> 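A single structure is presented below for examination.
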Amino acid sequence: MTVTPHTDRIVESEESSAAPSGALACLWRTEDDTAAFAQQLAAQLQALPPGSSVFITLHGELGAGKTTLVRHLLRALGVRGRIKSPTYAVVEPYELPGLAVWHFDFYRFSDPREWEDAGFRDVFAAPGLKLAEWPEKAAALIPAADIAINIEAIDDTSRRATLQAASATGQRLLQALRTSP
């Protein structure tokens, strides 16, 4: 089997009908493209001042690639060893030098109050990176995301991602992603 390399950018900064105004549209033709994007995002997150707090929500159907993106991002940030999906545990924490990371999966929540009962308010008040799959299951109890990433499966290997910023931090991160190589 041969792989045909492509040189197209995986981050598309021009506005399109598929991306709302101000959003960043990405096309990931392969999982390697997803990993390359995760590397770019990790570099921007690592450039934030110590003590920063960033909340990224991930949206998309089952199998869209939310957990795959998070795994690549965690690897790019320096997580070693097994990276588990938090579907059953709800949250998987990671301690990296200078950065605490929490990966949430609210898929199994049946009542948004479960977020409050689990004590996640304290986690979200602390500095670090919070990544949440299925945030709509926690409804209005979770804070506003800095960046919302919507991932859509085009076929077995290709994904279309749309990133929208909802804070000044999110806008800075999107701008940095637009200009990264």
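Since this is a predicted model, take the numbers as computed values, not measurements. The figures that follow rest on heavy atoms only: side chains count, while hydrogens, waters and symmetry mates do not.
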> Taking the side chain as every heavy atom from C-beta outward, state whether Arg178 and Leu174 have any pair of such atoms under 4.5 Å apart.
yes
> Considering only heavy atoms from C-beta outward, does the side chain of Phe37 approach that of Leu163 to under 4.5 Å?
yes
> Listing request: all ring pair (Phe, Tyr, Trp, His ring centres under 6.0 Å) pairs with a residue in residues 137-181, at least two apart in sequence or in separate chains.
none
> Distance check, rounded to the nearest 0.5 Å: Leu173 atom CG versus Leu41 atom CG?
7.0 Å
> By side-chain hydrogen bond (donor to acceptor under 3.5 Å, both in side chains), which residues pair with Arg121, not counting sequence neighbours?
Glu116
> Specify the closest pair of heavy atoms between Arg159 and Gly65, including all atoms of both residues, with the distance to one decimal.
NE-N, 4.3 Å
> Report the distance from atom CZ of Arg172 to atom CG of Leu177, rounding to the nearest 0.5 Å.
13.0 Å
> Minimum heavy-atom separation for Gly170 and Ser167, please, with both atom names.
N-OG, 3.0 Å
> Restricting to non-hydrogen atoms, name the atom on Gly60 and the atom on Trp134 that form the minimum distance, rounded to 0.1 Å.
O-CH2, 3.5 Å
> Within a strict 4.5 Å, meaning less than it, do heavy atoms of the Val90 and Phe120 side chains meet?
yes
> What side-chain donor-acceptor pairs closer than 3.5 Å can you find for residues 147-155, not counting sequence neighbours?
{"unit_1": "Glu152", "atom_1": "OE1", "unit_2": "Arg160", "atom_2": "NH1", "d": "3.2"}
{"unit_1": "Asp155", "atom_1": "OD1", "unit_2": "Thr157", "atom_2": "N", "d": "2.9"}
{"unit_1": "Asp155", "atom_1": "OD1", "unit_2": "Thr157", "atom_2": "OG1", "d": "3.4"}
{"unit_1": "Asp155", "atom_1": "OD1", "unit_2": "Ser158", "atom_2": "N", "d": "2.7"}
{"unit_1": "Asp155", "atom_1": "OD1", "unit_2": "Ser158", "atom_2": "OG", "d": "3.4"}

> Return each pair, listed once, that meets ring pair (Phe, Tyr, Trp, His ring centres under 6.0 Å) where at least one residue sits in residues 158-181; pairs must be two or more places apart or across chains.
none
> Please report the shortest heavy-atom distance between Ala38 and Ala76, naming the atom on each side.
O-CB, 3.9 Å
> According to the salt bridge (Lys or Arg N to Asp or Glu O under 4.0 Å) rule, which pairs have a member within residues 71-90, sequence neighbours left out?
Lys84-Glu92
> Starting at CD of Gln46, measure out to CG of Leu96 and round the result to the nearest 0.5 Å.
8.5 Å
> Which residues satisfy the side-chain hydrogen bond (donor to acceptor under 3.5 Å, both in side chains) test with Glu31, sequence neighbours excluded?
His72
> Throw together a table of side-chain donor-acceptor distances under 3.5 angstrom for residues 100-109, partners on residues two or more places apart or in other chains.
{"unit_1": "His103", "atom_1": "NE2", "unit_2": "Glu133", "atom_2": "OE2", "d": "2.6"}
{"unit_1": "Asp105", "atom_1": "OD1", "unit_2": "Tyr107", "atom_2": "N", "d": "2.9"}
{"unit_1": "Asp105", "atom_1": "OD2", "unit_2": "Thr87", "atom_2": "OG1", "d": "2.9"}
{"unit_1": "Arg108", "atom_1": "NH2", "unit_2": "Tyr88", "atom_2": "OH", "d": "2.8"}

> What pair of heavy atoms forms the shortest contact from Ala42 to Leu77, and how long is it?
CB-CD2, 3.7 Å
> May I have the list of side-chain donor-acceptor pairs in residues 122-131 shorter than 3.5 Å, sequence neighbours left out?
{"unit_1": "Lys130", "atom_1": "NZ", "unit_2": "Ser53", "atom_2": "OG", "d": "2.9"}
{"unit_1": "Lys130", "atom_1": "NZ", "unit_2": "Ala126", "atom_2": "O", "d": "2.3"}

> Using side-chain contact (heavy atoms from CB on, under 4.5 Å) as the criterion, list what pairs up with Ala145, not counting sequence neighbours.
Phe55, Thr57
